[in-house]
Amino acid sequence: MAKVQFGSKIGLIAATVGSAVGLGNIWRFPAEAQANGGGAFLIVYLACVLLIGIPVMLGEFAIGREGATDAVGDYQRLSPGKKWWLIGGIGILASYLINMFYIVVAGWTLEYLFGSVTGDLFAGISETQSSGVHFANKMQEYIQYDFGPLIFSYVVIILNIVILLKGVKKGIERMSNLMMPVLFILLLIFCYVSVTLPGASKGIEFFLTPDFSKITPSVIINALGQAFFSLSLGMGVLITYAAYYPKKTKLIGTATTVSLLDMLVSVLMGLIIFPSIASFDLMDNSYKGLTLVFVTLPEIFQQMPATQFWSVLFFLLLFVAALTSTISIGEVTVRFCQDRMKLSRVKSVLLVFIPLFIFSSLCSLSQGSLSDVKIFGLTIFDFLDTFATNILLPIGSLLMCIYLGWFAPKGLLVKQLTNNNSVAVRLSKVIIFIIRWIAPIAIAMILLSQFVKF
Ligand code: TRP
C-alpha cells in the first residue's frame, strides 16, 4: 500500500477538525444541551472532553499512526493472532450505522441551502402567521415529506462517492483549509447578533449557569455520548486519519487543538441558539431538538438585514461541515475494504455507498411515512442514533483503552506520544494513567448505568 500523508500541519489539523466539527456540534449539541438541563450538561460535557475525550483521541492517534492501515488491520498488525481486531470491527459497524442517519441530516442541510438560495425558505411569510409557524411548516415540508429529503440524501451519497473516488486528501484538505476559518468567523458574527438581542440574558443564563442538582446519570451518559460523537471517537475515524499523519506530527498538540476548536464550535452554537430562543420567548418546550437549527435559526436570519445572504452562507457552511464529517466516516469503511478485502478504491467506494441508498432511505422515511415503524419504541432514525452513539461508541472506546493500556505492545503509546523519544512529553504519565484507569472505569460505569436503566 502506498503510504499517503497529509501535506501540511495546518491541512492535517483542518482535516481532523473537519471530521470533528459537523452536525454533532451545530445540530446535535444544542439539542442535547437543551434536553439535559443547559448549564449542567455543558459542564459535564466539558469535563468529558478534557478528561476522557482528549486521552482517548490520543490513543486512537497512537494506534492509527503505528498500525498505518485500516481500523481492523491496525490491531491485527500490532497484536497478531489475537482477537483485538474485533474492536476495529465494532468501529466499522458503528461508522456504517452512523453514516445511515448522518447522510440524511446532511441532506436536510443541503435542502435548506437550496431553499435559501431560491428564497423558498422565506417565501410567503404572512402577516397573519408568526414566523415560527412558518418555519415549522417549512421544516415539516423539508424533512417529513418523503420525496424532497430522499432526493437530497441521494445527492449527499453521490457527492461522497465522487469525493472519495478522487482520493480524499487533496480535496478534503484544501476544502477544510478554506472552509473551517470561514465557519468560525460566521459563528462569531451570529453569536454577536444573538447575545445582543433583547431578552437574551435568560438564555445565556440557562446555557452557562450549571444547576448541579440537574446532573443525573442520564445527563452524564448523554454528555459522554455527545463528547464521543463530536470528537469522532470510538469508531476508527481518527485511527484511520492518523495513519496519514507524518512521523513528526506532535500528537498531543494536535489532539488538544482539535478538541478545543471542536468544543469552541459547540459553545458558540449554544451561545447562538439559547439567547435567541430566550429572546423570542421560545424557551419553554415546543422548540427543541431538530427545530433549534431548522426553525429557530431561520427566524434569527429573518430578523437580520440581508436575510437570504446569511441564510445561504450559514447553510452552505453547515453543509460543508457535515460533508467533511461524512467523508471521514465513509473513509473508515472504504479504507477497510481496500486494505483488508484487497478491493480497488472504486470497488470499495461503491460497495460501501450503494447499499447506503437503501439504508439512508429508511432513515429518511422514518421521519415521514415510516414514522410508525418503531424499534424499542424509537423510530429507525432515533434508534440508530441512540444505539450507535450512546452504546457502540463508548464500548468501542472502552475496549480500545483496555487494549492500549494493558495489552498493546509495551511502550507503543509513549513512543507515539514522544515521536520515538525525540520530543519530551511531561504529560505522558498522566495520559497513560487516564487510559489505563480513569477512562475505562468512567466509561464502564456510565455504560452500566445505562443498562441498569433498561
Ligand atoms: N464528529 C462529527 C460531528 O460532530 C461526526 C463524526 C464524524 C463522527 N466522524 C465520526 C461521529 C466518527 C462519531 C464517530 O458531527
Side-chain angles (χ1 to χ4, degrees), residues 14-33 45 48-49 52-54 56-57 59-61 64 70-71 87-88 90-109 156 160 163-164 168 172 176 179-180 183 187 222-242 255 258-270 290 293 317-336 352 384-397 400:
T16 312
V17 173
S19 163
V21 171
L23 298 168
N25 308 69
I26 296 169
W27 154 71
R28 205 172 182 285
F29 175 82
E32 289 287 306
Y45 173 73
C48 286
V49 170
I52 301 180
I54 295 183
V56 172
M57 181 181 279
E60 290 209 14
F61 283 172
D70 63 293
I87 305 175
I90 294 180
I92 288 175
L93 173 68
S95 72
Y96 207 63
L97 296 178
I98 288 185
N99 224 356
M100 294 176 191
F101 72 85
Y102 205 95
I103 282 172
V104 173
V105 187
W108 299 341
T109 68
V156 173
N160 263 278
I163 295 175
L164 283 170
V168 198
I172 286 300
S176 313
M179 287 310 215
M180 287 297 140
L183 177 71
L187 285 171
N222 287 329
L224 190 72
Q226 174 64 21
F228 284 123
F229 189 92
S230 193
L231 297 174
S232 305
L233 297 177
M235 62 189 221
V237 162
L238 298 177
I239 290 186
T240 307
Y241 268 26
V258 170
S259 304
L260 292 183
L261 286 174
D262 185 72
M263 223 154 70
L264 181 65
V265 174
S266 294
V267 172
L268 284 176
M269 228 18 239
L290 288 178
V293 164
L317 286 158
L318 179 54
F319 173 66
V320 171
L323 193 66
T324 49
S325 295
T326 55
I327 296 288
S328 78
I329 302 175
E331 179 72 9
V332 176
T333 21
V334 170
R335 174 59 50 194
F336 171 76
V352 168
L384 284 175
D385 185 4
T386 311
F387 177 65
T389 309
N390 283 353
I391 297 180
L392 286 183
L393 296 187
I395 288 183
S397 300
M400 190 217 57

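Since the structure is predicted, the reported quantities are computational estimates derived from the model, not experimental observations. Indexing begins at 1, ligand by ligand and atom by atom, following the structure's order.
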* Asked: Who gets closest to atom 15 (O) of ligand 1 by heavy atom: Trp27, Tyr102, Phe229?
  -> Tyr102
* Structure fact -> d(Tyr241 OH, Arg335 CZ) to nearest 0.5 Å is 11.0 Å
* To do: Run the numbers for me: atoms of ligand 1, each under 4.0 Å from some heavy atom of Ser325, listed by number.
  => 2 (C), 7 (C)
* Asked: For the atom pair OG1 (Thr326) and CD1 (Ile98), what is the distance rounded to the nearest 0.5 Å?
  -> 12.5 Å
* **Interatomic spacing from CG in Leu392 to OG1 in Thr386 - rounded to 0.5 Å** => 11.5 Å
* Using heavy-atom distances, let me know which of Gly18, Ser232, Ser230, Gly22 sits nearest atom 7 (C) of ligand 1. => Ser232
* Asked: Is Phe228 in polar range of ligand 1, meaning some N or O pair under 3.5 Å apart?
  -> no
* Just jot down the ligand 1 atoms closer than 4.0 angstrom to any heavy atom of Leu233, in number order. => 14 (C)
* Asked: Could an N or O of ligand 1 be found under 3.5 Å from any N or O of Val21, whether backbone or side chain?
  -> no
* So how far is it from Phe101 CZ to Leu23 CG, rounded to the nearest 0.5 Å? -> 9.0 Å
* Structure fact -> The closest protein heavy-atom partner of atom 3 (C) of ligand 1 is Ala20 O, 3.2 Å
* Asked: To which protein heavy atom is atom 14 (C) of ligand 1 closest, and what is the distance rounded to 0.1 Å?
  -> Met235 SD, 3.0 Å
* To do: Using a strict cut-off of 4.0 Å, indicate which atoms of ligand 1 neighbour a heavy atom of Leu23.
  => 15 (O)
* Structure fact -> Near Ser328 (heavy-atom distance under 4.0 Å), the atoms of ligand 1 are 7 (C), 9 (N)
* To do: Could you grab the distance from atom CG of Leu97 to atom CD1 of Ile391, nearest 0.5 Å is fine?
  => 11.5 Å
* Asn25 side chain to Ser230 backbone, donor-acceptor under 3.5 Å -> no
* **Donor + acceptor pair across side chains of Asp385, Thr389 (<3.5 Å)** => yes
